[in-house]
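Every value quoted in this text rests on a predicted model; they were computed, and no experiment measured them. Note that ligands are numbered from 1 as they come in the structure, with each ligand's atoms numbered from 1 the same way.
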Amino acid sequence: MCGIVGATSERRVSGILLEGLKRLEYRGYDSAGVAIIDNAKKLQSTRRTGKVQELADAINANPLDGTIGIAHTRWATHGGVTEANAHPHLSESEIAVVHNGIIENHESLREQLQALGYEFKSQTDTEVIAHLIHHESKTHEDLLAAVKAAVRQLEGAYGTVVMDTKDPERLVVARSGSPLVIGLGIGENFVASDQLALLPVTRQFIYLEEGDVADVNRTSVQIFDSNDQRVERNVVESDGNYDAGGKGEYRHFMLKEIHEQPIAVRSTLENRLSDTTVLDDAFGKGASELFKTVEHVQIIACGTSYHAGMVARYWLESLANVSCSIEIASEFRYRKSYVHPNSLLVTISQSGETADTLAALRLSKELGYKGSLTICNVATSSMVRESDLAFMTRAGAEIGVASTKAFTTQLTGLLMLTVALGKYRGMSEQQQSAIVKSLQALPAKMEEAVALAEEIEALAPDFANKEHSLFLGRGNQYPIAMEGALKLKEISYIHAEAYAAGELKHGPLALIDEEMPVIVVAPNNELLEKLKSNVEEVRARGGLMYVFADKNARFKSDDTLNVLNVCHCDEIIAPIVYTVPLQLLSYYVAIIKGTDVDQPRNLAKSVTVE
Ligand code: G6P
């Protein structure tokens, strides 16, 4: 989703801004732009639709020479993908603004500003911010005061950075609903929507809080909270582990991240298990006290993280003896829901910034939940900061928009949560240590699963010319079938649907013919025989089947049935292991189709607007 970078320095900043934008590309965007104030105190701006590289080429051809600037990658919400709608937006050649989020009262503000004589050049909600600040600057002493006055009139979500030719060393930034971080340098300071953008120039960060407005100069930073009080915020030293690095030997980040899963899972487990159980400390201070009291778990998440939560429901109810409900965040936040006594609210989010999940977490604080836990991959994110407890998945930076290692590490964390809650709800020591053993075996099993890459690549041509596909699973493999279908949709643009295999005869069977490949994720448990019947139902109707199964499941390949033997593993960790071949399948199909694997069309890595 949209990305912001800004810099005020003594050196030229366009290179820093472009490098920052490149580092934010993974978030998904459709246009990009840079504005600087040049040495003659004039605003210069270049914007392009398409990739950051196109913007960089344009700036190389016509350099932007200045020591203060702001830059943006836009993911269209209001107004189409055009150069005119790309940020930065300017007002009267004096004010320049970049903005993440959505201004909900933009229509009424636009009318007011038009009545005052401002001419709009774009269809965006952002342009109202530029003109509003310009208007306020006429009656306020400086840019800081003008921005404070303007943001008081904004409804909706914003992370915004503003500069003014009349004050050409200063960036004023404001945060409400969209994250912003200030990067501290020596004789220079930076801002961004994500610290990743600034790692080449600093490791010292200040995370702004909701309602903060900050005045960022070359050598000073002043922050004002939502009550307009001067505040000091902690400076956090980044450990640098979060640097995405490059793609290494891999063609795409997604492939790299699929291959990183054994290491990522190992890191998720590290120092969090004893020989016999899961250590509560993994979930943060005070976890034991809270876990002892929990009688219900409410999980909230979006996208891939939602699928992780769906698997967890099977684990929590069957093993931890605790009831569990799960809901998509965008639904939860807008309906009146019943809060079970002593409920733990669990949010699951790779980024910790997804707008709907964050809003649901905030809402839960008014609803009487016993406490909140987030399962998250970004330690500095809003969700981690605003939850009572946090479990860090330690997957490392995930750059591919389609989530892979974040998902399997979330699942690993959720299985650990099952033990951590279960031990207070009658889970036997034997059962705890059996799950711990399975978890310890997991990294090696993930390695075996990743090693299936070549075999799966060979299956990919069967899918590349198809328009539709069906994924089937049962029990805790049903959400894995959903995740497999989501991966295929996201990166190969093939329509894919997932069904609980028992539902097949209630509708989707009508779709079966030779043009509809059916992928089956087979468990190795008591549901296997039931699933085999479902497979026969498809075969009897001429469908083409691809069964991903434990070799002990004894499926045999023939004309209409392709069997891919996945390594044998304990049933409890099978959902995590079986995810890998499905990720690989979608990857290799996308390669044949020639899609943009790491940045699929229309999608964003972190959806920070509703
Ligand atoms: C976007 C991403 C998905 C992700 C979802 C939730 O839609 O493209 O890959 O699963 O957001 O993101 P989160 O960061 O909350 O896990």
Classify the side-chain pair [X]/[Y] by whether it contains a donor and acceptor separated by less than 3.5 Å.
X      : Y      : result
Thr404 : Gln583 : no
Thr579 : Glu483 : no
Ser382 : Glu353 : yes
Thr124 : Asn85  : no

Around atom 12 (O) of ligand 1, find the nearest protein heavy atom and jot down its residue, atom name and distance.
->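 In this structure, atom 12 (O) of ligand 1 has Thr354 OG1, 3.3 Å as its nearest protein heavy atom.
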
Less than 3.5 Å between some nitrogen or oxygen of Ser349 and one of ligand 1, yes or no?
->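 N/O-N/O distance under 3.5 Å: yes.
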
Consider every N or O of Ser305 and every N or O of ligand 1, then say whether any pair is closer than 3.5 Å.
->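 Yes, at least one N or O pair falls under 3.5 Å.
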
Identify, by atom number and element, the atoms of ligand 1 in contact range of [X], meaning under 4.0 Å from any of its heavy atoms.
X      : result
Thr304 : 10 (O)
Lys605 : 1 (C), 2 (C), 11 (O)
Val401 : 8 (O), 9 (O)

Is the cationic atom of Arg601 (NZ for Lys, CZ for Arg) positioned less than 6.0 Å from the six-membered ring centroid of Tyr493 and within 45 degrees of its normal?
->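 So Arg601 does make the cation-pi contact.
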
Would you please indicate if the ring centroids of Tyr478 and Tyr314 are separated by under 6.0 Å?
->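 No, too far apart.
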
Proximal candidate to atom 1 (C) of ligand 1 [heavy atom criterion; set Gly28, Ala604, Gly303, Ser381] |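 Heavy atom nearest to atom 1 (C) of ligand 1 belongs to Ala604.
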
Val607 to ligand 1, any heavy atom closer than 4.0 Å =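 Under 4.0 Å: yes for Val607.
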
Any non-hydrogen atom of Cys302 lying under 4.0 Å from ligand 1?
->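 Heavy atoms of Cys302 do come under 4.0 Å of ligand 1.
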
With side chains defined as the heavy atoms from C-beta onward, is the minimum distance between Val339 and Tyr369 less than 4.5 Å?
->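 In contact.
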
